[in-house]
Amino acid sequence: MNAYVNPLAGGEAIVATSRIEDYIWNRSFDRPTLVIDRQVVAQQYRALKAGLGRADIHYAVKANPAYGVIETLIAEGSHFDAASRGEIELCLSMGAEPQTISFGNTIKRPADIAWAFGAGITLFAADSEAELEKIAANAPGAEVYIRLLVGATGADWPLSRKFGCAPEKALALLNMAQALGLQALGLSFHVGSQTRRADMWRDTLDQVAAVWAQAQGAGHALSLINIGGGFPAFYGEAIDGPTDYAAQVMAMVEPRFPGASRIMAEPGRGMVAEAGMIAAEVLLVSKKSDDELCRWVYLDIGRFSGLAETEGEAIRYQFITGRDHEDTGPCIMAGPSCDSADVLYENRPVQLPLGLTPGERIIIRCCGAYTSSYSSVGFNGFPPLDVVVI
Ligand SMILES: *Cc1c(COP(=O)(O)O)cnc(C)c1O
């Protein structure tokens with residue numbers, strides 16, 4: 001089996017996925033199965049770390065919470081960004097030290113804040129007055145950073161509106177945190193997931209740096225900048241390799257945040273996407289009418305069983321079949337459930353082999369991130385995405 005080397009990643013051979021393909025082609029599966037290669041996770045951690053230098057990597061657990069992933073990352077020395085009590089418990093149960101876990105969700109249950117603080121978690125995110133009050137009441141004296149809302153950057157999967165406060169509000173929140181007896185350490189933001197090029201960070205970094213300077217001017221001795229995630233994976237469009245990309249980002253971060261003795265980065269997708277492939281099956285190939293150009297290809301996995309990021313056709317997965325040397329034609333792709341929203345790609349059809357037949361294996365590439373964690377428990381009776389870490 002060929003090693004898969006990303007031809008567009010600046011010449012960096014970032015993934016050798018032959019182990020996953022070997023595993024998939026040599027087995028049968030009774031349901032869609034995500035196969036993760038822990039060696040690729042470790043390799044990706046090291047590649048990102050090489051570029052991020054002095055920044056601490058807090059892996060965003062939601063991208064893929066599989067035990068094997070967390071275990072591998074703990075062994076590599078990763079820290080963690082958790083959004084809930086469940087994610088914190090997962091990391092602790094695998095042996096992560098509480099001081100290495102940040103509670104990064106800006107929308108927390110008060111009882112979970114108190115529980116986390118009791119478990120030794122000391123670093124919390126907030127983007128509003130009410131959240132700061134909750135933290136002060138349930139984790140007195142804790143460290144906090146204020147999450148900023150930043151403008152759209154052109155990320156393929158933007159996170160823009162839901163989280164963060166407007167930049168002009170940040171100083172008031174830092175002041176309030178201090179007044180509540182919390183340690184207001186710094187700022188955080190998220191540039192948007194799958195931000196394909198490092199130079200797309202520049203405007204965002206400028207916006208955040210302006211707030212940083214303003215807060216310093218107002219007397220806050222800020223020490224922490226959390227640059228969030230956004231590190232891209234290879235879905236067929238050119239990206240820089242992880243080390244190069246991370247180094248470019250750090251070169252922009254360093255001069256903009258004077259006094260930042262602590263830098264955090266929270267890669268999710270960029271850490272695990274390329275470490276996974278899904279073994280799926282073609283359930284049906286059909287045409288709506290005889291003269292239609294496009295075939296409809298229905299898989300045993302869809303929007304509700306792991307491929308949620310096909311929403312708006314935002315993330316375009318690549319497929320491998322056993323017929324990749326044969327002639328291809330355009331296909332509309334859909335999942336198996338009885339929900340008409342369960343269409344994966346229709347506006348931009350996918351080229352698949354003309355001979356593709358029901359019952360055949362189809363492998364979905366680069367889907368170690370945001371697939372198993374987005375899979376429903378069994379919508380319409382279809383089983384959730386199975387996960388195997390090899
Ligand atoms: C989801 C999330 C991340 C990870 O983002 P990626 O784009 O997958 O790297 C990082 N930080 C926070 C706060 C998040 O919510």
Side-chain angles (χ1 to χ4, degrees), residues 36 41 44-45 47-49 51-52 55-66 69-70 73 78-84 86-88 90-91 100-108 116 121 123-128 131 144-150 152-165 186-198 200-201 204 208 224-235 239-240 242 245-246 249-250 253 263-276 308-309 311 314-315 366-374:
I36 296 277
V41 174
Q44 201 69 7
Y45 176 87
L48 285 166
K49 183 71 191 156
L52 286 167
D56 290 326
I57 294 182
H58 285 242
Y59 169 62
V61 176
K62 75 177 187 290
N64 190 323
V69 169
I70 304 298
L73 289 172
S78 185
H79 297 189
F80 297 91
D81 173 57
S84 62
E87 286 186 351
I88 294 170
L90 168 68
C91 295
T100 67
I101 303 170
S102 49
F103 202 162
N105 196 341
T106 53
I107 306 149
K108 295 177 284 300
I121 292 8
L123 184 58
F124 297 81
D127 64 3
S128 65
E131 193 70 15
V144 293
Y145 54 84
I146 302 299
R147 176 143 173 197
L148 300 182
L149 183 62
V150 292
T153 55
D156 287 350
W157 190 261
L159 303 172
S160 39
R161 288 294 307 161
K162 181 170 171 185
F163 302 103
C165 68
L187 304 174
S188 80
F189 63 93
H190 195 300
V191 76
S193 202
Q194 187 65 9
T195 294
R196 270 179 286 106
R197 294 189 323 276
M200 293 160 80
W201 285 63
T204 300
V208 180
L224 170 69
I225 182 71
N226 176 351
I227 66 172
F231 302 82
F234 180 69
Y235 296 112
I239 56 168
D240 293 324
Y245 183 101
V249 169
M250 283 304 282
V253 167
I263 302 177
M264 288 168 63
E266 302 174 329
R269 184 188 308 280
M271 187 76 81
V272 290
E274 294 180 4
E309 289 198 317
E311 167 91 46
I315 297 296
C366 195
C367 50
Y370 304 119
T371 49
S372 52
S373 49
Y374 270 153

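Read the numbers this way: they start at 1 and go in the same order the structure lists the ligands and their atoms.
When all heavy atoms are compared, the tightest approach of A369 to R269 is CB-CA, 3.7 Å.
Under 4.0 Å is where a charged nitrogen must lie from a carboxylate oxygen, and between E131 and R147 no such pair does.
Looking at heavy atoms from C-beta onward, I239 lies out of side-chain contact with F231 at the 4.5 angstrom threshold.
The cationic atom of K108 (NZ for Lys, CZ for Arg) lies less than 6.0 Å from the six-membered ring centre of F103 and within 45° of the ring axis.
Checked by atom type and distance alone, the side chain of E274 pairs as donor or acceptor with a backbone atom of F234 at under 3.5 Å. With hydrogens and angles ignored, the 3.5 Å screen pairs no side-chain donor or acceptor of T106 with any backbone N or O of F163.
Protein residues having a heavy atom under 4.0 Å from any atom of ligand 1 are A60, K62, D81, R147, H190, S193, G229, G230, E266, P267, G268, R269, Y370, listed by chain and number.
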